[in-house]
Number of protein chains: 2
Amino acid sequence: MTAELNDRKEQILRSVVINYIKTAEPVGSRTIARSHPGGLSSATIRNEMADLEEMGYLIQPHTSAGRIPSQRGYRYYVDNLMDLNELSEDVEEKISTSLSAGKMREIEQIIMNSTRVLSSATNQTSLIMGPQFKKSAFHQLRILPLDEKRGLVVLITDTGFIKNKVIDFQHQLSQTELQQIVSYLNQKLYGLTIDQVTASLINELKRDLFRRLEILEQAFILLEESLKEEKQIRVFLGGTTNILNQPEFKDVDKIRRMLNLFEQEPLLFKILEDTSREDNIVVRIGSENEFEDIKECTLITGTYRIHDKTLGTVGVLGPTRMDYGKVISIMRRLVDQLNQSLSSS
Amino acid sequence: MTAELNDRKEQILRSVVINYIKTAEPVGSRTIARSHPGGLSSATIRNEMADLEEMGYLIQPHTSAGRIPSQRGYRYYVDNLMDLNELSEDVEEKISTSLSAGKMREIEQIIMNSTRVLSSATNQTSLIMGPQFKKSAFHQLRILPLDEKRGLVVLITDTGFIKNKVIDFQHQLSQTELQQIVSYLNQKLYGLTIDQVTASLINELKRDLFRRLEILEQAFILLEESLKEEKQIRVFLGGTTNILNQPEFKDVDKIRRMLNLFEQEPLLFKILEDTSREDNIVVRIGSENEFEDIKECTLITGTYRIHDKTLGTVGVLGPTRMDYGKVISIMRRLVDQLNQSLSSS
DNA sequence: TTTAGCACTCTATACTATAGAGTGCTAAAG
DNA sequence: CTTTAGCACTCTATAGTATAGAGTGCTAAA
């Protein structure tokens with residue numbers, strides 16, 4: 001994408017975007033004239049701004065107001081004009097201390113911390129998609145007898161998931177019998193992703209075990225269920241109230257729609273999943289988003305991974321009037337840290 | 001608490017409360033005269049209302065407006081005048097189907113379902129305090145070796161909690177060694193509540209085990225930590241966006257304060273814990289609430305239990321203009337169901 | 001004790017006037 | 001050809017004014 005604006009126009013567009021991001025007010029020609037290094041008059045700026053509007057980079061809310069960037073204007077800014085900020089020491093410290101691999105071994109905890117850090121550093125709403133359970137590979141399966149009639153199934157994946165589920169035995173099982181079953185299952189399932197455990201594979205296993213021990217039917221049904229159930233993935237949210245600080249959400253109705261969206265996890269998941277194919281940081285401005293509910297917002301996402309395997313997506317959601325440079329810098333840093341913390345555990 | 005109003009005043013107060021709950025508009029004398037069974041004129045009603053205002057049961061927002069109930073008015077209504085509603089079939093079904101003990105064995109799932117049901121049935125925000133981990137008693141402790149250097153500690157309580165934590169071994173442990181440690185710990189800890197596992201007890205155990213096996217130091221530190229960490233209790237929320245539908249929250253600033261509150265779990269916990277001593281359903285109207293942030297709200301709470309041991313608290317939070325009869329009926333039913341579902345598992 | 005009647009109060013709504021910000025255009029200057 | 005000063009014009013936001021309507025409190029009669 002080559003620049004298609006001359007230098008002066010770029011300077012002016014840049015000025016409008018930066019000013020508008022800061023003040024949330026339409027930017028007038030005088031404001032820009034004052035801050036413009038070249039020392040042009042407001043009339044000149046006005047002409048240029050009129051051009052920029054005609055070209056679709058700026059919008060005039062009404063005849064006697066200043067200009068605000070259009071979606072296209074933001075896009076041009078992000079692609080060609082934006083500077084990345086240095087992270088403030090404050091933010092740098094927050095990220096490195098609260099996400100260090102040190103104490104935390106559970107992946108959920110690391111992710112929850114990340115949402116907190118991300119939303120407080122950006123003043124926006126952050127959303128993070130946890131690792132997809134069904135894309136994780138079996139690592140170990142254990143069954144702990146609790147008493148004569150119940151056992152605890154513990155399932156551990158390569159991505160650090162630990163799932164457990166209480167099951168009822170229909171008949172009493174001896175320690176040895178359990179042992180046999182478990183080691184058989186482990187052998188069969190090792191390395192498969194949850195996705196790959198199809199109904200037919202389960203049936204096959206069931207038949208196999210059935211022949212040996214006729215006791216497990218009930219336990220098996222429950223195990224099967226427990227796998228099915230875990231299809232949903234958690235999306236972690238942080239700073240949902242931050243949108244209330246944005247002047248573009250002073251309308252109660254907009255707030256309601258936004259908060260409603262936040263309560264619908266499956267939708268959030270789809271929104272995040274949609275961008276997770278790409279490797280780098282993705283910026284979706286306004287209607288570039290596929291989902292109706294966020295067509296007035298900007299979503300910036302990045303993916304985090306463990307040993308080069310993509311685990312999930314980190315996102316920041318806010319109005320299109322967002323400090324792109326700042327958010328992107330922060331997200332870069334956070335994703336780096338996340339990758340590092342996860343890989344070292 | 002004996003009734004201190006004559007019959008007619010009670011009728012009128014009742015009318016005001018019911019009308020105001022329905023319409024959210026100050027209630028005028030004519031409105032009441034129309035619906036009053038005795039067939040009184042508006043002038044008479046006006047006089048009575050003036051009395052009721054002087055006595056502190058009603059409030060006039062401004063001279064030429066109708067009356068609204070004062071906090072005292074609501075209190076009198078709840079104590080003396082309120083009818084409990086029959087549950088609609090719809091709600092009845094929601095409660096009995098989505099909380100039936102059937103499939104769900106994990107307590108967290110039952111509770112999350114409860115918040116959903118409660119908030120959708122009442123159109124208010126629901127909050128439920130999960131069982132307090134630290135008040136739960138040890139049932140079993142297990143350690144599963146994952147590989148040479150790591151193990152999974154699984155802790156099961158009598159209230160159905162299952163906590164797990166990965167720990168690092170500093171040295172390699174044999175199956176038998178682990179077995180010994182675990183059975184020793186189980187013997188020592190069985191039946192104690194998490195609360196009772198004091199630092200000194202842990203130290204004692206540590207010394208004890210240390211003598212036998214010098215290997216466990218690291219593992220112990222981590223176990224200790226994992227117990228400490230679990231001090232926080234989860235408060236589950238449902239229908240937080242429902243407050244946006246209440247006309248008393250049309251002010252963005254109030255919304256912000258409310259949502260902010262919802263994000264502070266420790267505070268929510270305190271708010272709920274505060275009422276959990278009592279056995280029955282507790283109604284806290286307006287400034288009867290101790291906590292500043294909800295002094296304009298009404299909080300209705302009930303406790304749920306398993307085998308006569310109190311597990312946690314269920315709450316509904318909304319404006320003082322709340323359909324008390326309806327919410328209380330729903331909560332009664334829900335708590336009953338909850339007790340039943342939990343006890344049968 | 002109740003009620004009809006009426007003057008009075010207050011709010012919400014619509015309408016009007018005004019200041020201020022910013023524009024677009026024209027014509028002169030560089 | 002580009003830039004700029006100047007000015008008329010447009011639109012919004014704000015304050016001020018008028019009016020209708022709801023509801024009251026009080027008085028005097030039933």
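Chain A is the first sequence line, chain B the second, and so forth, proteins listed ahead of strands; every chain is numbered from 1. Here the structure is a predicted model, which means the values were calculated and not measured.
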Requested in this report: Sequence neighbours left out, what passes side chain to side chain contact (heavy atoms under 4.5 Å, CB included) with B/D293? Give chain and number order.
Outcome: B/L261, B/L267

Report task. Could you tell me the separation between the CG atom of A/L40 and the C1' atom of C/dG30, rounded to a whole number of Å? Result -> 14 Å

Query - Whether B/R72 side chain and B/M55 backbone form a donor-acceptor pair below 3.5 Å - result: yes

Requested in this report: Show the numbers, then the answer: is there a side chain to side chain contact (heavy atoms under 4.5 Å, CB included) between A/S329 and A/E86?
Outcome: CA-CA 7 Å; A/S329 318; A/E86 284 282 319; over 6 Å; no

Query raised in the report: Could you give the CG-to-C1' distance, from B/D7 to C/dT1, as a whole number of Å?
Result: 17 Å

Query raised in the report: Taking A/S15 for the side chain and A/I32 for the main chain, is one N or O donor matched with an acceptor at less than 3.5 Å?
Result: no

Query raised in the report: Going 5' to 3' along nucleotides 10-24 of chain C, which nucleotides have protein heavy atoms under 4.0 Å from the base (write B), which only from the sugar-phosphate (write S), and which from neither (write -)?
Result: BS---------BSBB

Query raised in the report: Are the side chains of B/L52 and B/I12 in touch, meaning some heavy atoms are under 4.5 Å apart?
Result: yes

Query raised in the report: Does the separation of the ring centres of B/Y74 and B/Y324 fall below 6.0 angstrom?
Result: yes

Query raised in the report: Taking atom types as modelled and ignoring hydrogens, do the side chains of A/E10 and A/Y76 form a donor-acceptor contact shorter than 3.5 angstrom?
Result: yes

Requested in this report: Grab the stems for DNA chain C, please: at least three consecutive Watson-Crick or wobble pairs, both distances below 3.5 Å, written as range with range.
Outcome: C:1-30 with D:1-30

Query raised in the report: Taking CZ from A/R34 and P from D/dT4, how many angstroms apart are they, rounded to a whole number?
Result: 16 Å

Report task. Would you please confirm or rule out a distance under 4.0 Å between OP1 or OP2 of C/dT2 and any side-chain N or O of B/R8? Result -> yes

Query raised in the report: B/V316 and B/M322: side chain to side chain contact (heavy atoms under 4.5 Å, CB included), yes or no, with the steps?
Result: CA-CA 10 Å; B/V316 167; B/M322 182 188 283; 4.2 Å; yes

Query - Separation of atom CD1 in A/I32 from atom P in D/dT4, rounded to whole Å - result: 15 Å

